[in-house]
2 protein chains.
Amino acid sequence: MSNRFIEKLRKLAELGEPELRALERVTAHPKTIRSRKDLIREGDPPGPVLVVLEGWAFRYKVLPSGTRQIMAFLMPGDACDLHANMLAEMDHSIQTVTEASIATINRADMNEMMTSYPRIACAMYVAQLIDEGTLRAWIVSLGRRSSVERVAHLILELFLRAVRIELSDGTTMELPLPQAVLADALGMTPVHINRILQELRRSGAIELSRGVLRIKDPAALTHISGFDANYLHKRLK
Amino acid sequence: MSNRFIEKLRKLAELGEPELRALERVTAHPKTIRSRKDLIREGDPPGPVLVVLEGWAFRYKVLPSGTRQIMAFLMPGDACDLHANMLAEMDHSIQTVTEASIATINRADMNEMMTSYPRIACAMYVAQLIDEGTLRAWIVSLGRRSSVERVAHLILELFLRAVRIELSDGTTMELPLPQAVLADALGMTPVHINRILQELRRSGAIELSRGVLRIKDPAALTHISGFDANYLHKRLK
DNA sequence: CGGTAGATTGACCAAGCTCAACTCACGTGG
DNA sequence: CCACGTGAGTTGAGCTTGGTCAATCTACCG
């Protein structure tokens, strides 16, 4: 009874039978959460570790002015808040996009697993490092890329992540993000996102409708975005 | 023979004599590095852990177009790349701003210290979590704050960090960042930074000249920036 | 068949960028 | 001791990217 979380970790470290069993035990009872539901809210004390087994979610923060900024997307297999128990409270919220299957691992189990199985710990550190690299890549996008570049870059990021976790056949993927969500991730307005998407469609680089993305011209998209796969292509030394 | 790194960690976890001695041993031979020198370049294989004992540095990435985006400032006491040895190569560069005193801790010593002294490991994890929170705060700034808000927010962040490591008396600090560097951190042009700084000076919130920053009206600055100290005020649970 | 959420369009506006000149502080060589 | 060079900071004028506002369209749903 594997799942997307286990599959992801298996790509980041060699895991044997006992490790796999431990991971299965600890993710055996996921809950189904409906779409657009906060899993964690800013200011909450840290609870259990959450793992997204199926569906999409995002980390976000809302400003005094009421605008929202999304700081990361969580796709199937992604976990949040590995070490957050060391801090007093959450500094941001997490919300589902789609209906999602979420496993919760309580702190004690998590700590025990991390100390008993160093390989699991290692895989999770690597996952966290990749996430951190992604945060930095977002900073670069928001700071120094034009809006077309930004949109193209995000699409490529999500697409490559989907390929890696086998959610994509290499050309097509489900992208269940409304334009308003893309806007809040990219620091733009929905109106402008809309125009940029049209531009990308017109240019022949992508197709996107009804939540299905199709990369028609990967080279063009890469070129437009100035994408440097480096930050996602981390592997074990 | 304490130093700023040790002092910082002492605020994040209870450290006893043996821990302090281990930290001293491992940072006993810092090197002096001149200003504007790359410590690490994108694409390098991961080397030893670097610790800034004195001086300022920043993480950055340069885009194909030649523009630069700064992703974090390193102040005295900050370390880089705790776990980077797990990855194949660096995805960004690090450069000094001022002359700096840098200790290098090789991987073996670091691993041994982290396993022998769990409290040191804990302190370093907390430090990393705070850094991650800072990355997310930058994303929020770049995505959703106006330029005045952005500048005010960064100034406050740096000021509060300076206070915490006792580099500031609570009103004044040295801020050795040229406007071009601020621009590359905030995703703006030097010209615009200049105008915004004048605006902040005119409003009576700050004084800033010759690398010395004085916070004249903290309340005003906080208000302008919409600052939420939460993300820096992390403490042990 | 009306209701709703998301996508799309158009007209207008403004924050922030570009380019280019100029100032100022400071250090160096004559 | 002073002219000059250099790097940072400052200023002005004009332009562009992306935002605002408001209407419209479309797919889907009870």
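To find a chain, count down the sequence lines: A is the first, B the second, and so on, and within it residues start at 1. Just so we're clear, the structure is a prediction, and the values are computed from it rather than from any experiment.
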If a protein heavy atom is under 4.0 Å from the base, mark B; if only from the sugar-phosphate, S; if neither, -; do that for nucleotides 8-16 of chain C going 5' to 3'.
BBBB----S
Describe the nucleic acid contact of B:Arg36 in one word from base, sugar-phosphate, nothing, applying a heavy-atom distance below 4.0 Å.
sugar-phosphate
No-hydrogen, no-angle side-chain donor-acceptor test under 3.5 Å, B:Gln128 and A:Glu132:
yes
Angle class for the A:Trp56/A:Phe73 ring planes (parallel below 30°, perpendicular above 60°, tilted otherwise)?
perpendicular
Would you check if B:Lys37 and B:Thr96 make a side-chain contact, meaning some heavy-atom pair closer than 4.5 Å?
yes
Under a 4.0 Å heavy-atom criterion, DNA chain D is touched by chain B from D:dA8 to D:dA13
Closer than 4.0 angstrom, basic N to acidic O: yes or no for [X] and [Y]?
X: B:Lys61; Y: B:Asp91; result: no
X: A:Glu157; Y: A:Arg161; result: yes
X: B:Glu7; Y: B:Arg4; result: no

Just checking A:Arg201: does its CZ atom have more than 12 heavy atoms from other residues, nucleotides or ligands closer to it than 6.0 angstrom?
yes
Scan A:Gln179, A:Gln69, A:Arg68 and name whichever one has a side chain to side chain donor-acceptor pair (under 3.5 Å) with A:Asp184.
A:Arg68
